[in-house]
Amino acid sequence: MARKSLIQREKKRQRLEQKYHLIRRSSKKEIKRVPSLSDKWEIHGKLQSPPRNSAPTRLHRRCFSTGRPRATYRDFGLSGHILREMVHACLLPGATRSSW
């Protein structure tokens with residue numbers, strides 16, 4: 001189980017990303033539209049003004065049940081060992097069992 005503070009920090013990053021998403025998207029579209037280089041630099045400065053944690057690259061997928069940040073399957077939102085336990089317990093329909 002991941003520490004509660006790390007999970008809360010990740011949730012805070014998600015809220016920040018949602019808050020500044022439209023600002024980032026509009027700035028990027030404006031950079032593509034403007035022909036002069038000096039205007040592009042000016043817009044790029046505005047793009048750097050939001051907090052760093054609002055960038056989408058800072059987000060990390062975590063396991064839904066344990067909060068584990070690594071080895072998370074996107075389709076299920078679960079980490080590998082939790083996914084394996086659920087498949088063996090027949091809680092995921094359509095998934096085939098394997099042992100390793």
Side-chain angles (χ1 to χ4, degrees):
M1 185 77 185
R3 292 191 327 225
K4 300 286 184 187
S5 61
L6 295 177
I7 294 173
Q8 293 303 318
R9 189 182 307 161
E10 194 67 35
K11 287 181 182 177
K12 182 180 177 183
R13 283 186 184 133
Q14 288 175 351
R15 286 193 304 267
L16 276 173
E17 196 272 332
Q18 289 174 354
K19 181 179 178 181
Y20 289 100
H21 176 72
L22 294 175
I23 296 170
R24 285 183 181 278
R25 189 170 65 182
S26 64
S27 296
K28 287 183 179 183
K29 282 184 181 178
E30 197 172 343
I31 285 175
K32 289 180 183 177
R33 209 169 22 100
V34 174
S36 70
L37 189 60
S38 61
D39 290 341
K40 285 186 180 188
W41 281 107
E42 195 174 309
I43 296 168
H44 188 69
K46 289 180 187 175
L47 188 60
Q48 290 180 345
S49 63
R52 284 187 177 179
N53 279 337
S54 68
T57 56
R58 294 237 174 180
L59 293 177
H60 211 127
R61 287 187 184 85
R62 289 188 170 267
C63 176
F64 182 71
S65 64
T66 61
R68 180 179 162 84
R70 298 183 181 179
T72 304
Y73 287 84
R74 290 184 185 183
D75 295 338
F76 301 102
L78 298 169
S79 62
H81 71 283
I82 297 296
L83 180 69
R84 181 173 184 260
E85 288 175 4
M86 290 181 79
V87 168
H88 282 295
C90 298
L91 297 175
L92 293 175
T96 57
R97 274 195 331 189
S98 65
S99 59
W100 65 83

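- To the nearest 0.5 Å, the span separating CZ on Arg33 from NZ on Lys40 amounts to 11.5 Å.
- Side chain of Arg68 to backbone of Arg70: a donor-acceptor contact under 3.5 angstrom is found.
- Between the side chain of Ser54 and the main chain of Pro50, no donor-acceptor pair closer than 3.5 Å is present.
- Pairing each heavy atom of Gly67 with each of Ile7, the nearest pair is CA-CD1, 4.3 Å.
- With values rounded to the nearest 0.5 angstrom, Ser38 atom OG is found 9.5 Å from Ile43 atom CD1.
- For the residue pair Ser79/Arg62, the side-chain donor-acceptor check at 3.5 Å is not satisfied.
- Looking only at side-chain heavy atoms (C-beta outward), Gln48 and His44 come within less than 4.5 Å of each other.
- Closest non-hydrogen pair, Cys63 versus Thr72, comes out as N-OG1, 3.8 Å.
- Interatomic distance, Glu85 CD to Leu91 CG, rounded to the nearest 0.5 Å: 10.0 Å.
- To the nearest 0.5 Å, atoms CH2 (Trp41) and NZ (Lys46) are separated by 15.5 Å.
- Between Arg58 and Glu10 the shortest heavy-atom distance is O-OE2, 4.1 Å.
- A distance of 12.5 Å separates OH in Tyr20 from OG in Ser27, rounded to the nearest 0.5 Å.
- A side-chain contact (heavy atoms from CB on, under 4.5 Å) with Leu47 holds for exactly one of Glu42, Glu30, Arg24; it is Arg24.
- Looking only at distances, no side-chain donor or acceptor of Glu17 sits under 3.5 Å from a matching main-chain atom of Leu59.
- The CG atom of Leu78 sits 8.5 Å away from atom CZ of Phe64, with the distance rounded to the nearest 0.5 Å.
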